[in-house]
Each structure stands twice: as structure tokens, then as C-alpha cells.
Amino acid sequence: MQTAATALAPLDAPLIDPFGRRIDYLRVSVTDRCDLRCVYCMAEHMTFLPKAELLTLEELDRLCSAFIRRGVRKLRLTGGEPLVRRNIMSLIRALGRHLATGALEELTLTTNGSQLARYAGELRAAGVRRVNVSLDTLDPERFRAITRWGRLDQVLEGIAAAREAGLRVKINTVALKGVNEDEFESLLAWCARNGHDLTLIETMPLGEVDADRTDQYLPLSTVRARLAQRFTLTDLSLVTGGPARYVRVEETGQQLGFITPLTHNFCESCNRVRLTCTGRLYLCLGQEDSADLRAPLRASADDALLDQAIDAAIGIKPKGHDFVIDRRNSRPALARHMSVTGG
Ligand code: SAM
Ligand code: SF4
């Protein structure tokens, strides 16, 4: 039986959830695979999805385009590592057509940077203007330890190539207790020298990762208090539609973001949903609520069923999450890894 919402929504009706939040931001995890194994993100030995379960790039394009028709203005490709999906540039170039028409305001990527040297120029040509690169340390040994086998120089080359291609690069750094907590000042300085904004992220309890989360968790309230002893941090009222709170570092003019899902609940202004590479739509990063879009996508060549499924899914978007990490709650809040929904 159809609900009123699923039966009546016109083909270009905006997506409004039960709490009145307009959904205009879609994150797409184009693959769950990655060339690194960051200790807070993945276990060393991961079982990835069989390739047969993945949506094709054409199907991903059709799904993204349906969301864009329904008012999604910002699209972020992520993963796993988006740039290790074979032929990913064909999807990015195809999505670029929505930038050209103005339907899409921004097409961005979150990447570990390992493949950026190869793709930076093509990304820029496809209409990408900004990328977020995850970088937790500037120390090669530490980098290897955090990523289990990554090479820092490869990522730094990628970041330099992105800059040279005219892409703005924002650096994302996960704050890890006892691992990189002595590096935030030097990371901030390095970012200032190279023209990058920096966002610090608290670890979130997603998926089994071999380590104890309570050992990794460092509240950003502590980090901010420490940085405030060295720098003048002015709160910015910047609204990006994302979960970050921003300050300006007066000494450098940089923007510094704090993503604090555990110490600051950001759900009330949530405008986003997340699509996995198998076509499952997650309505909240911190909850299990999800809907399968692959079946309606494949059931017919036109988008009527898909639209109904999208409406029904938006209709169950939860109000928010309730992550907790403490001694009693060191188990993952959710079994799925960040690489499934892409963060
Ligand atoms: N591979 C790409 C990368 O690393 O940027 C994109 C996917 S990765 C899952 C997206 C972001 O999530 C990265 O900035 C990563 O550091 C962050 N991340 C992964 N697992 C996390 C966790 N458990 N808690 C907080 N952030 C996490
Ligand atoms: Fe890969 Fe990104 Fe997860 Fe690191 S954070 S393992 S680079 S998906």
C-alpha cells in the first residue's frame, strides 16, 4: 500500500523529512574498497563486497541524477577510497553535466589522496573545484602506522598535484589519543603555509577495527582548549550543511573545523543522506535506518518506482543519533564500517 507521501510527490518535489529538514546533500560511497587500512576505520583483514553486488557506474549516475532532480544541490563522492573504483572518472565526468546546467551546485570528493596525482587534472576538467583529503599526520612512520601500509610522500604529491590543478584542498584529520595529539599545531601551520583549511574529526564508533575505541577517542573539546592557549580562535557562524563547527584562526586567517559527533550533537540541522555502492540509502550516519533503492532502480527503466522509494526513505529519516564511547560502550555503536557509508 502507498502512503500519502509516496503516492503524491511530484517528480521534482523537494525532499523534506518528517522533522521539516530539507535534504539537499547526498554522499555516495562508490566502493567499500580501499588501498589503505586506517586503524580507526578498518580491520587489517576486511571482507569486501563481491563485485557483483555493486551498482554499475551507470546505475550510480541514474540514482544520483534522480536525487538531483529532487533538489539535491551538493554531491560528495566517497568510499572506501573513491579513486580506486575502476573507471570512476567516467561517473565523475557524467555527473559534471549537472554542474553545467546549474542543477548541481557542487561536486566534491573525500579521498585519501593516494591517487590524486593521477586524477587531479581530470577532476578539475570534470567540474570538481574542491576535494577533502584525509591526512592524520605529517610524519612518514606515523602515517604508515595509522594507515597500516600507506606512503605519506604519495599523498603529499597528490595534494600538491591537486593544488597545481586548481583544486581547493581541505585537510581532514582524525584526532587520535596518544597517536597524533601532539601534531595539531604543526598540521595547522603546514596547512596555513599551503593554503588549506583544516577540519579535526572525533573518532566515531563504527565497525570492528581490531583496536579498542576508548583508547583512540580524544574529545575535541580538549583539543580546542589546548589550541586556544596558542592561537586566537574566533567562532564563525558559517553554515555548511555539514556537522562541523568552524573557527577562524586569527594568526593565520585559516578556517579550522571541529566535527564533534560525540561532544556536540549536530543532528538538528542535518540536510544529508548517504548512499552505498549497493544502492542502500542510509538516513543517518549513526543509525541503522536504511532503504534499498537498487530493487526499484532495476525494476523499471523510468524513475517512478525509484521516486516512490526515495520519498518513503526520506519519510523514515530519524531525528538524530546517539553515539557514546566510554568504558561501558567500547563496542561499535553500529556494526557497519565508515567505509560503507563514507563518513
Ligand atoms: N578513503 C577516503 C578518505 O579517507 O578520505 C574517503 C572515505 S573515509 C571513510 C572518510 C572519512 O572518514 C575520512 O576522513 C576518515 O578519516 C574518516 N573516518 C573513517 N573512520 C572513522 C571513524 N571511525 N571515526 C571518525 N572518522 C572516521
Ligand atoms: Fe581507507 Fe579512508 Fe578508511 Fe583510511 S579512512 S581506511 S583511507 S576508507
Side-chain angles (χ1 to χ4, degrees), residues 27-46 48-49 76-85 88 108-116 119 130-137 143-152 154-155 158-159 162 169-177 179-180 187 196-220 242-244 257-263 266 272 274-277 282 285-286 321 323-325 330-343:
R27 284 195 176 207
V28 185
S29 175
V30 296
T31 174
D32 63 332
R33 290 168 195 252
C34 186
D35 52 345
L36 304 180
R37 292 287 183 281
C38 302
V39 290
Y40 49 79
C41 179
M42 292 193 185
E44 184 164 3
H45 302 287
M46 294 285 291
F48 293 112
L49 290 164
R76 176 175 293 279
L77 303 185
T78 172
E81 174 46 40
L83 294 179
V84 303
R85 172 123 191 208
I88 186 65
T108 55
L109 242 80
T110 301
T111 170
N112 64 27
S114 68
Q115 312 298 315
L116 262 183
Y119 287 119
R130 287 194 310 133
V131 290
N132 286 2
V133 178
S134 305
L135 179 63
D136 302 326
T137 176
F143 185 83
R144 177 170 293 275
I146 293 172
T147 60
R148 289 199 179 92
W149 53 67
R151 279 182 31 227
L152 177 67
Q154 195 180 342
V155 172
I159 293 172
V169 179
K170 193 184 81 176
I171 303 295
N172 282 343
T173 301
V174 176
L176 296 163
K177 188 158 81 183
V179 176
N180 63 358
L187 267 164
H196 306 306
D197 289 329
L198 174 67
T199 293
L200 301 174
I201 307 175
E202 275 174 356
T203 51
M204 296 175 224
L206 299 179
E208 290 287 356
V209 290
D210 305 335
D212 182 343
R213 299 272 181 198
T214 45
D215 292 341
Q216 299 179 336
Y217 175 55
L218 176 63
L220 287 185
F258 297 93
I259 298 189
T260 56
L262 294 141
T263 54
F266 49 71
R272 60 191 54 198
R274 295 173 161 82
L275 185 67
T276 72
C277 55
Y282 280 95
L285 180 62
H321 65 69
F323 288 140
V324 181
I325 293 183
S330 63
R331 308 287 308 154
L334 295 175
R336 70 176 194 267
H337 288 87
M338 188 72 112
S339 48
V340 173
T341 46

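In what follows, every heavy atom counts, from backbone to side chain, and hydrogens, waters and symmetry copies are set aside. Read the numbers this way: they start at 1 and go in the same order the structure lists the ligands and their atoms.
Contact annotation: Cys41 places an N, O or S atom under 2.8 Å from atom 3 (Fe) of ligand 2.
Here the shortest heavy-atom distance to atom 6 (C) of ligand 1, taken over Gly113, Gly80, Ser134, belongs to Gly80. Compare Ser114, Cys34, Gly79, Ser29 by their heavy atoms: the one nearest to atom 2 (Fe) of ligand 2 is in Cys34.
Residue-ligand proximity, Thr111 to ligand 1, at heavy-atom distances under 4.0 Å covers atoms 2 (C), 3 (C), 5 (O). In the vicinity of Cys41, heavy-atom distances shorter than 4.0 Å reach the ligand 1 atoms 19 (C), 20 (N). Each of the following atoms of ligand 1 lies closer than 4.0 Å to a heavy atom of Val174: 16 (O), 26 (N). Taking every heavy atom of Gly80 and a limit of under 4.0 angstrom, the matching atoms of ligand 2 come to 8 (S). Within ligand 1, counting atoms from 1 as listed, the ones closer than 4.0 Å to a heavy atom of Glu81 are 1 (N), 2 (C). Of all atoms in ligand 1, listed by their number and element, those nearer than 4.0 Å to a heavy atom of Glu202 are 24 (N), 25 (C). Counting atoms of ligand 1 from 1 in the listed order, those under 4.0 Å from a heavy atom of Gly79 are 7 (C), 9 (C).
By the 3.5 Å distance cut-off applied to N or O atoms, Asp136 is not counted among the residues near ligand 1. Between Thr110 and ligand 1, not a single N/O pair is under 3.5 Å apart. Between Tyr40 and ligand 1, at least one N/O pair is under 3.5 Å apart.
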Gln216 vs Val179, test: side-chain contact (heavy atoms from CB on, under 4.5 Å). Steps then yes/no. CA-CA 8 Å; Gln216 299 179 336; Val179 176; over 6 Å; no

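The shortest heavy-atom contact between Met42 and Arg148 is O-NH1, 2.8 Å. Across every non-hydrogen atom of Phe143 and Leu135, the tightest pair is CE1-CD1, 4.0 Å. Among all heavy-atom pairs drawn from Phe48 and Asp32, the shortest one is CE2-O, 3.1 Å.
Distance check, rounded to the nearest 0.5 Å: CZ of Arg151 to CG of Leu36 gives 11.0 Å. Interatomic distance, CG of Leu116 versus CG of Leu109, reported as 7.5 Å (0.5 Å rounding). A distance of 4.5 Å separates CZ in Arg27 from CZ in Arg272, rounded to the nearest 0.5 Å.
Under the rule for a side chain to side chain contact (heavy atoms under 4.5 Å, CB included), the partners of Ser114 that lie at least two apart in sequence or sit in another chain are Asp35, Asn112, Gln154. When the side chain to side chain contact (heavy atoms under 4.5 Å, CB included) test is applied to Thr173, the partners found at least two apart in sequence or on another chain are Asp136, Ile171, Asn180, Phe184, Leu187, Leu198, Leu200.
In the model, Thr111 has a side-chain atom that pairs as donor or acceptor with a side-chain atom of Glu81 under 3.5 Å.
Contact annotation for Thr78 and ligand 1: only side-chain heavy atoms (C-beta onward) come within less than 4.0 Å of the ligand.
Not a single heavy atom of Met42 sits under 4.0 Å from any atom of ligand 1.
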